[in-house]
2 protein chains.
Amino acid sequence: MAETKEYLYPSKWLSKASAGDRVACELRMRIISGMVESGTILSENTLAADFAVSRSPVREALKILASEHIIRLERMGAVVIGLTEKEIEEIYDVRLLIETFVFERLVRMDTTKLVQELSKILEMMKIAIKYQDADEFSYQDVLFHETIIRAIDHSYMLMIWNNLKPVMESLILVSMRGRFKEKYDDFPRILKNHELYIEAIQSKDRNLMIESLHQNFNDVQGKVEDLWMSQQMLSKGVEQE
Amino acid sequence: MAETKEYLYPSKWLSKASAGDRVACELRMRIISGMVESGTILSENTLAADFAVSRSPVREALKILASEHIIRLERMGAVVIGLTEKEIEEIYDVRLLIETFVFERLVRMDTTKLVQELSKILEMMKIAIKYQDADEFSYQDVLFHETIIRAIDHSYMLMIWNNLKPVMESLILVSMRGRFKEKYDDFPRILKNHELYIEAIQSKDRNLMIESLHQNFNDVQGKVEDLWMSQQMLSKGVEQE
DNA sequence: TCAAGTATACTTGTATACAAGTATTATAAT
DNA sequence: ATTATAATACTTGTATACAAGTATACTTGA
(Lines give C-alpha, C1' and ligand atoms only; values in the text may rest on other atoms or scores of the structure.)
Protein backbone atom coordinates (compact mmCIF):
# COMPACT_ATOMS: atom_id res chain seq x y z
CA MET A 1 0.00 0.00 0.00
CA ALA A 2 1.41 3.33 -1.05
CA GLU A 3 1.65 5.78 1.83
CA THR A 4 -0.18 8.99 0.98
CA LYS A 5 2.46 11.65 1.39
CA GLU A 6 0.37 14.80 1.26
CA TYR A 7 -3.20 15.87 0.77
CA LEU A 8 -4.37 18.08 -2.08
CA TYR A 9 -7.59 19.21 -0.44
CA PRO A 10 -7.23 22.00 2.16
CA SER A 11 -7.47 20.24 5.50
CA LYS A 12 -8.89 23.31 7.21
CA TRP A 13 -12.04 22.93 5.08
CA LEU A 14 -12.61 19.50 6.54
CA SER A 15 -12.78 20.43 10.19
CA LYS A 16 -16.25 19.05 10.77
CA ALA A 17 -16.36 16.61 7.88
CA SER A 18 -16.91 12.89 8.24
CA ALA A 19 -14.35 10.37 7.08
CA GLY A 20 -16.50 9.74 4.02
CA ASP A 21 -16.42 13.41 3.05
CA ARG A 22 -12.70 13.58 3.58
CA VAL A 23 -12.09 10.66 1.29
CA ALA A 24 -14.48 12.10 -1.29
CA CYS A 25 -12.83 15.52 -1.26
CA GLU A 26 -9.31 14.21 -1.45
CA LEU A 27 -10.11 11.66 -4.11
CA ARG A 28 -11.92 14.29 -6.13
CA MET A 29 -8.90 16.55 -6.03
CA ARG A 30 -6.63 13.75 -7.12
CA ILE A 31 -8.90 12.90 -10.02
CA ILE A 32 -9.45 16.46 -11.17
CA SER A 33 -5.82 17.45 -10.79
CA GLY A 34 -4.96 14.47 -12.94
CA MET A 35 -2.95 12.77 -10.21
CA VAL A 36 -5.27 9.81 -10.56
CA GLU A 37 -5.65 9.26 -14.26
CA SER A 38 -8.94 8.59 -15.95
CA GLY A 39 -9.46 4.91 -16.60
CA THR A 40 -7.97 3.90 -13.28
CA ILE A 41 -10.00 1.30 -11.44
CA LEU A 42 -10.58 2.04 -7.79
CA SER A 43 -11.37 -0.71 -5.33
CA GLU A 44 -13.16 -0.09 -2.07
CA ASN A 45 -10.73 -2.23 -0.16
CA THR A 46 -7.66 -0.62 -1.63
CA LEU A 47 -8.97 2.87 -1.01
CA ALA A 48 -9.91 1.93 2.54
CA ALA A 49 -6.39 0.76 3.13
CA ASP A 50 -4.86 3.84 1.44
CA PHE A 51 -6.89 6.28 3.48
CA ALA A 52 -6.69 4.17 6.63
CA VAL A 53 -10.45 4.02 7.11
CA SER A 54 -12.96 1.21 6.80
CA ARG A 55 -15.01 0.45 3.74
CA SER A 56 -18.09 2.29 5.00
CA PRO A 57 -16.77 5.82 4.47
CA VAL A 58 -15.12 4.74 1.24
CA ARG A 59 -18.42 3.45 -0.09
CA GLU A 60 -19.99 6.75 0.84
CA ALA A 61 -17.27 8.65 -0.95
CA LEU A 62 -17.60 6.57 -4.10
CA LYS A 63 -21.34 7.17 -4.16
CA ILE A 64 -20.74 10.90 -3.92
CA LEU A 65 -18.16 10.95 -6.69
CA ALA A 66 -20.40 8.81 -8.88
CA SER A 67 -23.23 11.30 -8.49
CA GLU A 68 -20.78 13.99 -9.60
CA HIS A 69 -20.01 11.88 -12.62
CA ILE A 70 -16.25 11.83 -12.16
CA ILE A 71 -16.24 8.11 -11.49
CA ARG A 72 -18.49 5.34 -12.77
CA LEU A 73 -19.62 2.57 -10.44
CA GLU A 74 -19.39 -0.77 -12.18
CA ARG A 75 -19.91 -4.32 -11.12
CA MET A 76 -16.34 -4.67 -10.10
CA GLY A 77 -14.54 -1.55 -9.08
CA ALA A 78 -15.16 2.10 -9.76
CA VAL A 79 -13.75 3.47 -12.98
CA VAL A 80 -12.30 6.97 -12.93
CA ILE A 81 -13.88 9.17 -15.58
CA GLY A 82 -12.18 12.44 -14.73
CA LEU A 83 -12.66 15.64 -16.65
CA THR A 84 -11.99 15.82 -20.32
CA GLU A 85 -11.88 19.13 -22.15
CA LYS A 86 -15.44 18.46 -23.30
CA GLU A 87 -16.70 18.00 -19.78
CA ILE A 88 -15.09 21.18 -18.53
CA GLU A 89 -16.93 23.03 -21.26
CA GLU A 90 -20.12 21.29 -20.22
CA ILE A 91 -19.70 22.44 -16.66
CA TYR A 92 -19.60 25.98 -17.89
CA ASP A 93 -22.67 25.39 -20.03
CA VAL A 94 -24.48 24.54 -16.84
CA ARG A 95 -23.10 27.48 -14.91
CA LEU A 96 -24.06 29.80 -17.71
CA LEU A 97 -27.52 28.30 -17.77
CA ILE A 98 -28.01 28.57 -14.04
CA GLU A 99 -26.62 32.02 -13.59
CA THR A 100 -28.54 33.41 -16.52
CA PHE A 101 -31.73 32.01 -15.03
CA VAL A 102 -30.79 33.44 -11.66
CA PHE A 103 -30.15 36.85 -13.13
CA GLU A 104 -33.60 36.91 -14.70
CA ARG A 105 -35.01 36.49 -11.22
CA LEU A 106 -32.63 39.00 -9.69
CA VAL A 107 -33.71 41.83 -11.96
CA ARG A 108 -37.13 41.54 -10.37
CA MET A 109 -35.81 41.68 -6.82
CA ASP A 110 -34.30 44.11 -4.39
CA THR A 111 -30.61 43.34 -4.65
CA THR A 112 -29.11 45.91 -2.30
CA LYS A 113 -28.37 43.36 0.39
CA LEU A 114 -26.92 40.92 -2.10
CA VAL A 115 -24.69 43.58 -3.63
CA GLN A 116 -23.37 44.41 -0.21
CA GLU A 117 -22.61 40.79 0.52
CA LEU A 118 -20.86 40.36 -2.80
CA SER A 119 -18.79 43.45 -2.18
CA LYS A 120 -17.64 41.98 1.08
CA ILE A 121 -16.62 38.76 -0.63
CA LEU A 122 -14.78 40.73 -3.28
CA GLU A 123 -12.77 42.49 -0.58
CA MET A 124 -11.91 39.13 0.88
CA MET A 125 -10.71 38.00 -2.51
CA LYS A 126 -8.44 41.04 -2.76
CA ILE A 127 -6.89 40.25 0.58
CA ALA A 128 -6.43 36.62 -0.41
CA ILE A 129 -4.49 37.81 -3.42
CA LYS A 130 -2.45 40.20 -1.31
CA TYR A 131 -1.32 37.35 0.88
CA GLN A 132 -1.06 34.96 -2.06
CA ASP A 133 -3.50 32.54 -0.49
CA ALA A 134 -4.76 30.52 -3.44
CA ASP A 135 -7.03 28.33 -1.35
CA GLU A 136 -8.72 31.22 0.37
CA PHE A 137 -9.14 32.97 -2.96
CA SER A 138 -10.78 29.89 -4.45
CA TYR A 139 -13.05 29.59 -1.47
CA GLN A 140 -14.24 33.16 -1.84
CA ASP A 141 -14.61 32.80 -5.58
CA VAL A 142 -16.90 29.81 -5.16
CA LEU A 143 -18.74 31.56 -2.37
CA PHE A 144 -19.28 34.58 -4.62
CA HIS A 145 -21.26 32.60 -7.14
CA GLU A 146 -23.04 30.52 -4.56
CA THR A 147 -24.19 33.69 -2.82
CA ILE A 148 -25.73 34.92 -6.04
CA ILE A 149 -27.53 31.66 -6.61
CA ARG A 150 -28.80 31.45 -3.04
CA ALA A 151 -30.26 34.94 -3.36
CA ILE A 152 -33.21 33.83 -5.48
CA ASP A 153 -34.25 31.13 -3.01
CA HIS A 154 -34.86 28.42 -5.58
CA SER A 155 -34.31 25.00 -4.08
CA TYR A 156 -33.82 23.15 -7.33
CA MET A 157 -31.36 25.67 -8.75
CA LEU A 158 -29.53 25.29 -5.48
CA MET A 159 -29.70 21.53 -5.91
CA ILE A 160 -28.01 21.77 -9.28
CA TRP A 161 -25.40 24.07 -7.83
CA ASN A 162 -24.77 21.68 -4.96
CA ASN A 163 -24.18 18.88 -7.41
CA LEU A 164 -21.82 20.98 -9.42
CA LYS A 165 -20.07 22.78 -6.59
CA PRO A 166 -17.57 20.16 -5.45
CA VAL A 167 -16.21 19.67 -8.94
CA MET A 168 -16.15 23.44 -9.55
CA GLU A 169 -14.37 23.96 -6.28
CA SER A 170 -11.68 21.44 -7.12
CA LEU A 171 -11.30 22.83 -10.59
CA ILE A 172 -10.90 26.36 -9.31
CA LEU A 173 -8.50 25.25 -6.59
CA VAL A 174 -6.27 23.50 -9.09
CA SER A 175 -6.47 26.41 -11.47
CA MET A 176 -5.78 29.12 -8.91
CA ARG A 177 -2.91 27.33 -7.23
CA GLY A 178 -1.23 27.12 -10.56
CA ARG A 179 -1.82 30.73 -11.40
CA PHE A 180 -0.56 32.05 -8.12
CA LYS A 181 2.73 30.50 -9.09
CA GLU A 182 2.83 31.35 -12.74
CA LYS A 183 0.37 33.92 -13.95
CA TYR A 184 0.10 36.29 -11.05
CA ASP A 185 -0.97 39.18 -13.27
CA ASP A 186 -4.22 37.43 -14.14
CA PHE A 187 -5.80 38.41 -10.88
CA PRO A 188 -6.48 42.10 -11.46
CA ARG A 189 -8.54 41.03 -14.46
CA ILE A 190 -10.46 38.44 -12.48
CA LEU A 191 -11.26 40.99 -9.83
CA LYS A 192 -12.36 43.43 -12.50
CA ASN A 193 -14.78 40.88 -13.87
CA HIS A 194 -16.28 40.25 -10.48
CA GLU A 195 -16.68 43.97 -10.02
CA LEU A 196 -18.47 44.13 -13.34
CA TYR A 197 -20.71 41.30 -12.22
CA ILE A 198 -21.66 43.15 -9.06
CA GLU A 199 -22.29 46.27 -11.07
CA ALA A 200 -24.52 44.35 -13.44
CA ILE A 201 -26.57 43.03 -10.55
CA GLN A 202 -26.77 46.48 -9.01
CA SER A 203 -27.85 48.19 -12.19
CA LYS A 204 -29.80 45.15 -13.39
CA ASP A 205 -28.04 45.43 -16.69
CA ARG A 206 -28.59 42.16 -18.48
CA ASN A 207 -25.97 42.71 -21.15
CA LEU A 208 -23.30 43.66 -18.69
CA MET A 209 -24.05 40.54 -16.70
CA ILE A 210 -23.78 38.24 -19.68
CA GLU A 211 -20.57 39.92 -20.70
CA SER A 212 -18.88 39.64 -17.33
CA LEU A 213 -20.13 36.10 -16.95
CA HIS A 214 -18.59 35.07 -20.24
CA GLN A 215 -15.40 36.91 -19.35
CA ASN A 216 -15.29 35.10 -16.07
CA PHE A 217 -15.61 31.78 -17.76
CA ASN A 218 -13.07 32.54 -20.40
CA ASP A 219 -10.74 33.53 -17.60
CA VAL A 220 -10.94 30.18 -15.93
CA GLN A 221 -11.65 27.97 -18.86
CA GLY A 222 -8.81 28.69 -21.19
CA LYS A 223 -6.26 28.51 -18.45
CA VAL A 224 -7.60 25.54 -16.58
CA GLU A 225 -6.91 23.41 -19.54
CA ASP A 226 -3.26 24.36 -19.82
CA LEU A 227 -2.82 23.89 -16.15
CA TRP A 228 -4.67 20.66 -16.12
CA MET A 229 -2.51 19.30 -18.86
CA SER A 230 0.64 20.43 -17.12
CA GLN A 231 -0.60 18.90 -13.90
CA GLN A 232 -1.18 15.65 -15.70
CA MET A 233 2.31 15.74 -17.09
CA LEU A 234 3.60 16.52 -13.66
CA SER A 235 1.76 13.68 -12.04
CA LYS A 236 3.13 11.11 -14.42
CA GLY A 237 6.02 10.89 -12.02
CA VAL A 238 3.83 9.97 -9.08
CA GLU A 239 3.76 6.27 -8.48
CA GLN A 240 0.48 4.63 -9.30
CA GLU A 241 -0.93 1.57 -7.55
CA MET B 1 -43.69 -1.03 14.28
CA ALA B 2 -46.38 -0.53 11.68
CA GLU B 3 -46.45 -3.33 9.14
CA THR B 4 -46.15 -1.94 5.63
CA LYS B 5 -49.27 -3.23 3.94
CA GLU B 6 -48.49 -2.36 0.34
CA TYR B 7 -45.84 -0.68 -1.73
CA LEU B 8 -46.43 2.42 -3.81
CA TYR B 9 -43.44 1.98 -6.08
CA PRO B 10 -43.86 -0.56 -8.91
CA SER B 11 -42.01 -3.63 -7.74
CA LYS B 12 -41.20 -4.71 -11.29
CA TRP B 13 -38.97 -1.64 -11.67
CA LEU B 14 -36.86 -2.88 -8.80
CA SER B 15 -35.86 -6.25 -10.19
CA LYS B 16 -32.12 -5.62 -10.04
CA ALA B 17 -32.14 -2.89 -7.42
CA SER B 18 -30.30 -3.10 -4.14
CA ALA B 19 -32.12 -2.90 -0.83
CA GLY B 20 -30.96 0.69 -0.51
CA ASP B 21 -32.54 1.63 -3.82
CA ARG B 22 -35.75 -0.14 -2.89
CA VAL B 23 -36.03 1.78 0.33
CA ALA B 24 -35.22 5.03 -1.43
CA CYS B 25 -37.82 4.49 -4.15
CA GLU B 26 -40.56 3.46 -1.79
CA LEU B 27 -39.84 6.20 0.70
CA ARG B 28 -39.74 8.74 -2.10
CA MET B 29 -43.15 7.65 -3.30
CA ARG B 30 -44.57 7.88 0.18
CA ILE B 31 -43.20 11.36 0.64
CA ILE B 32 -44.26 12.66 -2.74
CA SER B 33 -47.69 11.08 -2.57
CA GLY B 34 -48.16 12.78 0.76
CA MET B 35 -48.49 9.53 2.63
CA VAL B 36 -45.55 10.61 4.76
CA GLU B 37 -46.19 14.21 5.62
CA SER B 38 -43.57 16.92 5.42
CA GLY B 39 -42.08 17.68 8.80
CA THR B 40 -42.02 14.04 9.82
CA ILE B 41 -38.76 12.97 11.38
CA LEU B 42 -37.33 9.74 10.04
CA SER B 43 -34.93 7.66 12.08
CA GLU B 44 -32.52 5.20 10.53
CA ASN B 45 -33.36 2.56 13.06
CA THR B 46 -37.10 2.92 12.71
CA LEU B 47 -36.91 2.81 8.94
CA ALA B 48 -34.64 -0.22 9.08
CA ALA B 49 -37.21 -1.98 11.23
CA ASP B 50 -40.11 -0.88 9.02
CA PHE B 51 -38.50 -2.08 5.83
CA ALA B 52 -36.98 -5.14 7.47
CA VAL B 53 -33.45 -4.31 6.38
CA SER B 54 -30.36 -3.23 8.26
CA ARG B 55 -29.23 0.34 8.73
CA SER B 56 -26.74 0.21 5.87
CA PRO B 57 -29.26 0.31 3.02
CA VAL B 58 -31.38 2.80 4.96
CA ARG B 59 -28.42 5.14 5.30
CA GLU B 60 -27.84 4.84 1.59
CA ALA B 61 -31.48 5.62 0.87
CA LEU B 62 -31.47 8.68 3.11
CA LYS B 63 -28.37 10.01 1.39
CA ILE B 64 -30.09 9.62 -1.96
CA LEU B 65 -33.26 11.35 -0.84
CA ALA B 66 -31.26 14.14 0.74
CA SER B 67 -29.45 14.77 -2.54
CA GLU B 68 -32.89 15.02 -4.16
CA HIS B 69 -33.80 17.59 -1.56
CA ILE B 70 -36.98 15.86 -0.40
CA ILE B 71 -35.53 15.18 3.03
CA ARG B 72 -33.01 17.13 5.08
CA LEU B 73 -30.31 15.29 7.04
CA GLU B 74 -29.95 16.82 10.46
CA ARG B 75 -27.93 15.96 13.48
CA MET B 76 -30.66 13.77 14.82
CA GLY B 77 -33.01 12.26 12.33
CA ALA B 78 -33.91 13.13 8.78
CA VAL B 79 -36.64 15.71 8.36
CA VAL B 80 -39.08 15.21 5.52
CA ILE B 81 -39.26 18.26 3.27
CA GLY B 82 -41.59 16.92 0.61
CA LEU B 83 -42.85 18.94 -2.29
CA THR B 84 -44.69 22.16 -1.80
CA GLU B 85 -46.45 23.89 -4.63
CA LYS B 86 -43.44 26.17 -4.96
CA GLU B 87 -41.06 23.27 -5.38
CA ILE B 88 -43.16 21.59 -8.02
CA GLU B 89 -43.01 24.81 -10.00
CA GLU B 90 -39.27 24.90 -9.48
CA ILE B 91 -38.90 21.42 -10.87
CA TYR B 92 -40.58 22.57 -14.03
CA ASP B 93 -38.33 25.62 -14.15
CA VAL B 94 -35.43 23.24 -14.33
CA ARG B 95 -37.04 20.98 -16.91
CA LEU B 96 -37.86 23.97 -19.04
CA LEU B 97 -34.31 25.19 -18.70
CA ILE B 98 -32.77 21.84 -19.57
CA GLU B 99 -35.02 20.98 -22.44
CA THR B 100 -34.70 24.41 -23.98
CA PHE B 101 -30.95 24.06 -23.85
CA VAL B 102 -31.20 20.59 -25.33
CA PHE B 103 -33.37 21.82 -28.16
CA GLU B 104 -30.82 24.45 -29.09
CA ARG B 105 -28.34 21.66 -29.57
CA LEU B 106 -30.81 19.45 -31.38
CA VAL B 107 -31.53 21.98 -34.09
CA ARG B 108 -27.89 21.66 -35.10
CA MET B 109 -27.98 17.87 -35.26
CA ASP B 110 -29.37 15.10 -37.38
CA THR B 111 -32.47 14.09 -35.47
CA THR B 112 -33.93 11.39 -37.71
CA LYS B 113 -32.88 8.58 -35.42
CA LEU B 114 -34.12 10.41 -32.35
CA VAL B 115 -37.48 11.11 -33.96
CA GLN B 116 -37.85 7.46 -34.77
CA GLU B 117 -37.07 6.46 -31.22
CA LEU B 118 -39.52 8.99 -29.84
CA SER B 119 -42.21 7.75 -32.18
CA LYS B 120 -41.70 4.26 -30.85
CA ILE B 121 -42.07 5.49 -27.29
CA LEU B 122 -45.20 7.36 -28.23
CA GLU B 123 -46.71 4.17 -29.61
CA MET B 124 -45.89 2.46 -26.35
CA MET B 125 -47.65 5.23 -24.49
CA LYS B 126 -50.74 4.71 -26.60
CA ILE B 127 -50.79 1.03 -25.79
CA ALA B 128 -50.29 1.76 -22.11
CA ILE B 129 -53.37 3.96 -22.26
CA LYS B 130 -55.31 1.31 -24.14
CA TYR B 131 -54.66 -1.18 -21.38
CA GLN B 132 -55.04 1.45 -18.67
CA ASP B 133 -51.56 0.79 -17.34
CA ALA B 134 -50.69 3.97 -15.46
CA ASP B 135 -47.27 2.74 -14.37
CA GLU B 136 -46.22 1.75 -17.86
CA PHE B 137 -47.48 5.04 -19.20
CA SER B 138 -45.46 6.96 -16.62
CA TYR B 139 -42.40 4.93 -17.44
CA GLN B 140 -42.66 5.73 -21.12
CA ASP B 141 -43.40 9.37 -20.42
CA VAL B 142 -40.23 9.72 -18.37
CA LEU B 143 -38.31 7.75 -20.96
CA PHE B 144 -39.56 10.08 -23.67
CA HIS B 145 -37.95 13.09 -22.11
CA GLU B 146 -34.85 11.25 -21.04
CA THR B 147 -34.35 10.06 -24.60
CA ILE B 148 -34.42 13.62 -25.83
CA ILE B 149 -31.91 14.72 -23.26
CA ARG B 150 -29.56 11.80 -23.90
CA ALA B 151 -29.56 12.65 -27.61
CA ILE B 152 -27.24 15.61 -27.23
CA ASP B 153 -24.63 13.60 -25.33
CA HIS B 154 -23.99 16.19 -22.64
CA SER B 155 -22.86 14.54 -19.45
CA TYR B 156 -23.68 17.42 -17.15
CA MET B 157 -27.15 17.95 -18.56
CA LEU B 158 -27.65 14.26 -18.04
CA MET B 159 -26.34 14.66 -14.51
CA ILE B 160 -28.97 17.26 -13.76
CA TRP B 161 -31.61 15.05 -15.28
CA ASN B 162 -30.47 12.11 -13.22
CA ASN B 163 -30.81 14.17 -10.09
CA LEU B 164 -34.26 15.30 -11.06
CA LYS B 165 -35.51 12.08 -12.57
CA PRO B 166 -36.51 10.10 -9.48
CA VAL B 167 -38.65 12.91 -8.15
CA MET B 168 -40.15 13.52 -11.58
CA GLU B 169 -40.87 9.84 -11.93
CA SER B 170 -42.68 9.68 -8.62
CA LEU B 171 -44.58 12.84 -9.37
CA ILE B 172 -45.73 11.53 -12.73
CA LEU B 173 -46.61 8.15 -11.27
CA VAL B 174 -48.81 9.71 -8.63
CA SER B 175 -50.35 12.06 -11.13
CA MET B 176 -51.06 9.45 -13.80
CA ARG B 177 -52.46 6.85 -11.45
CA GLY B 178 -54.95 9.41 -10.28
CA ARG B 179 -55.87 10.45 -13.77
CA PHE B 180 -56.42 6.95 -15.03
CA LYS B 181 -59.14 6.74 -12.44
CA GLU B 182 -60.67 10.16 -12.73
CA LYS B 183 -59.75 12.16 -15.77
CA TYR B 184 -59.37 9.56 -18.44
CA ASP B 185 -60.07 12.04 -21.20
CA ASP B 186 -56.87 13.97 -20.47
CA PHE B 187 -54.76 11.45 -22.30
CA PRO B 188 -55.60 12.27 -25.89
CA ARG B 189 -54.37 15.77 -25.17
CA ILE B 190 -51.18 14.52 -23.57
CA LEU B 191 -50.49 12.33 -26.57
CA LYS B 192 -51.16 15.26 -28.86
CA ASN B 193 -48.61 17.32 -27.04
CA HIS B 194 -45.98 14.66 -27.33
CA GLU B 195 -46.74 14.38 -31.02
CA LEU B 196 -46.25 18.12 -31.33
CA TYR B 197 -42.96 17.81 -29.50
CA ILE B 198 -41.73 15.18 -31.93
CA GLU B 199 -42.88 17.32 -34.81
CA ALA B 200 -40.98 20.29 -33.40
CA ILE B 201 -37.82 18.24 -33.18
CA GLN B 202 -38.32 16.93 -36.68
CA SER B 203 -38.94 20.29 -38.24
CA LYS B 204 -36.56 22.04 -35.83
CA ASP B 205 -39.26 24.54 -35.11
CA ARG B 206 -38.23 26.39 -31.99
CA ASN B 207 -41.59 28.01 -31.37
CA LEU B 208 -43.50 24.79 -31.73
CA MET B 209 -41.15 23.12 -29.28
CA ILE B 210 -41.55 25.82 -26.66
CA GLU B 211 -45.29 25.71 -27.10
CA SER B 212 -45.63 21.97 -26.73
CA LEU B 213 -43.22 21.99 -23.84
CA HIS B 214 -45.27 24.55 -21.98
CA GLN B 215 -48.42 22.65 -22.82
CA ASN B 216 -46.89 19.49 -21.49
CA PHE B 217 -46.02 21.18 -18.25
CA ASN B 218 -49.39 22.77 -17.86
CA ASP B 219 -50.90 19.38 -18.42
CA VAL B 220 -49.07 17.83 -15.57
CA GLN B 221 -48.60 20.80 -13.32
CA GLY B 222 -52.12 22.04 -12.84
CA LYS B 223 -53.46 18.58 -12.25
CA VAL B 224 -50.67 17.26 -10.11
CA GLU B 225 -51.49 19.79 -7.52
CA ASP B 226 -55.14 18.85 -7.23
CA LEU B 227 -54.23 15.23 -7.14
CA TRP B 228 -51.50 15.77 -4.67
CA MET B 229 -53.85 17.55 -2.35
CA SER B 230 -56.45 14.86 -2.69
CA GLN B 231 -53.81 12.22 -2.09
CA GLN B 232 -52.80 14.02 1.04
CA MET B 233 -56.37 14.10 2.20
CA LEU B 234 -56.68 10.46 1.37
CA SER B 235 -53.61 9.45 3.24
CA LYS B 236 -54.71 11.14 6.43
CA GLY B 237 -56.46 7.90 7.17
CA VAL B 238 -53.22 5.92 7.01
CA GLU B 239 -51.71 5.42 10.41
CA GLN B 240 -48.52 7.33 11.03
CA GLU B 241 -45.73 6.22 13.35
C1' DT C 1 0.73 -26.22 -26.89
C1' DC C 2 -4.00 -25.39 -26.09
C1' DA C 3 -8.62 -26.02 -24.10
C1' DA C 4 -11.68 -26.83 -20.35
C1' DG C 5 -12.92 -26.96 -15.79
C1' DT C 6 -12.07 -26.10 -11.09
C1' DA C 7 -10.25 -23.60 -7.29
C1' DT C 8 -8.91 -19.44 -5.33
C1' DA C 9 -8.84 -14.71 -4.41
C1' DC C 10 -11.00 -10.88 -5.20
C1' DT C 11 -15.43 -8.03 -5.64
C1' DT C 12 -19.86 -5.88 -3.76
C1' DG C 13 -24.05 -5.68 -0.68
C1' DT C 14 -25.86 -6.24 3.76
C1' DA C 15 -25.91 -7.14 8.75
C1' DT C 16 -24.18 -6.25 13.06
C1' DA C 17 -21.22 -4.31 16.70
C1' DC C 18 -19.37 -0.53 18.96
C1' DA C 19 -18.03 4.19 20.26
C1' DA C 20 -18.96 8.97 20.78
C1' DG C 21 -22.22 12.28 21.22
C1' DT C 22 -27.03 14.43 22.08
C1' DA C 23 -31.72 14.94 23.72
C1' DT C 24 -34.87 13.71 27.05
C1' DT C 25 -36.47 12.38 31.27
C1' DA C 26 -36.37 11.67 35.97
C1' DT C 27 -34.68 12.88 40.29
C1' DA C 28 -33.19 15.87 43.78
C1' DA C 29 -32.53 20.24 45.92
C1' DT C 30 -33.99 24.92 46.76
C1' DA D 1 -43.35 24.72 41.89
C1' DT D 2 -39.11 25.36 39.59
C1' DT D 3 -34.43 24.72 38.43
C1' DA D 4 -30.26 22.10 38.10
C1' DT D 5 -28.00 17.89 37.63
C1' DA D 6 -27.53 13.14 36.54
C1' DA D 7 -28.95 8.97 34.22
C1' DT D 8 -30.93 6.81 30.41
C1' DA D 9 -32.24 5.94 25.86
C1' DC D 10 -31.81 7.48 21.78
C1' DT D 11 -28.90 9.32 17.68
C1' DT D 12 -25.09 9.05 14.05
C1' DG D 13 -20.49 7.49 12.18
C1' DT D 14 -17.35 3.87 11.64
C1' DA D 15 -15.47 -0.79 11.85
C1' DT D 16 -15.98 -5.44 11.05
C1' DA D 17 -18.13 -9.82 9.68
C1' DC D 18 -20.32 -12.56 6.42
C1' DA D 19 -22.68 -14.15 2.21
C1' DA D 20 -23.26 -14.30 -2.66
C1' DG D 21 -21.30 -13.56 -6.85
C1' DT D 22 -17.41 -12.80 -10.45
C1' DA D 23 -12.92 -12.77 -12.57
C1' DT D 24 -8.52 -14.75 -12.63
C1' DA D 25 -5.29 -18.19 -12.47
C1' DC D 26 -3.96 -22.66 -12.21
C1' DT D 27 -4.32 -27.41 -13.03
C1' DT D 28 -5.52 -31.25 -15.67
C1' DG D 29 -6.50 -33.47 -19.81
C1' DA D 30 -5.81 -34.02 -24.71
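Hydrogens, waters and symmetry mates play no part in the numbers below; they use all other heavy atoms, side chains included. Letters A, B, ... mirror the listed sequences (proteins, then strands); counts begin at 1.
Across the protein-nucleic acid pair, A:N45 atom CG and C:dG13 atom C1' stand 12 Å apart, rounded to whole Å. Atom pair A:K16:NZ and D:dT12:P shows a separation of 18 Å (rounding to whole Å applied). For B:I41 and D:dT12, the CD1 to C1' distance is 14 Å, given to the nearest whole Å. Rounded to an integer number of Å, the gap from B:E74 CD to D:dG13 C1' is 17 Å.
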Just the table, please: protein N/O against nucleotides 19-26 of chain D N/O, every pair under 3.5 Å.
none

List, with names and distances, any nitrogen or oxygen atoms from the protein found under 3.5 Å away from nitrogen or oxygen atoms belonging to nucleotides 5-7 of chain D.
none

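Using a 4.0 Å cut-off between charged side-chain N and carboxylate O, A:E99 and A:R95 make a salt bridge. One finds a salt bridge joining A:K86 and B:D153 here, because a Lys/Arg side-chain nitrogen approaches an Asp/Glu carboxylate oxygen to under 4.0 Å.
Checked against salt bridge (charged side-chain N to carboxylate O under 4.0 Å, His left out), B:D135 has the following partners two or more places apart in sequence or in another chain: B:R177. With sequence neighbours excluded, the residues forming a side chain to side chain contact (heavy atoms under 4.5 Å, CB included) with A:M124 are A:Q140, listed by chain and number. Residues passing the side chain to side chain contact (heavy atoms under 4.5 Å, CB included) test with A:S43 are A:N45, A:T46, sequence neighbours excluded. Residues meeting the salt bridge (charged side-chain N to carboxylate O under 4.0 Å, His left out) test with A:E26, sequence neighbours left out: A:R30. Qualifying salt bridge (charged side-chain N to carboxylate O under 4.0 Å, His left out) partners for A:K16, counting only residues two or more places apart in sequence or in other chains: none. In terms of the side chain to side chain contact (heavy atoms under 4.5 Å, CB included) criterion, residue partners of B:T147 (sequence neighbours excluded) are, by chain and number, B:L114, B:E117, B:L118, B:I121, B:L143. Listed by chain and residue number, B:R55, B:V58 satisfy the side chain to side chain contact (heavy atoms under 4.5 Å, CB included) test with B:A48 (two or more places apart in sequence, or in another chain). Scored by the salt bridge (charged side-chain N to carboxylate O under 4.0 Å, His left out) test, B:K120 finds no partners at all (sequence neighbours excluded).
Across residues 52-66 of chain B, B:R55, B:R59 each have a non-hydrogen atom less than 4.0 Å from an atom of DNA chain D (numbered order).
Within the structure, ring pair (Phe, Tyr, Trp, His ring centres under 6.0 Å) contacts touching residues 11-38 of chain A (residues at least two apart or in different chains) are A:Y9-A:W13, A:W13-A:Y139.
Regarding contacts with the backbone of D:dT11, a side-chain N or O of B:S43 is found under 4.0 angstrom from either OP1 or OP2.
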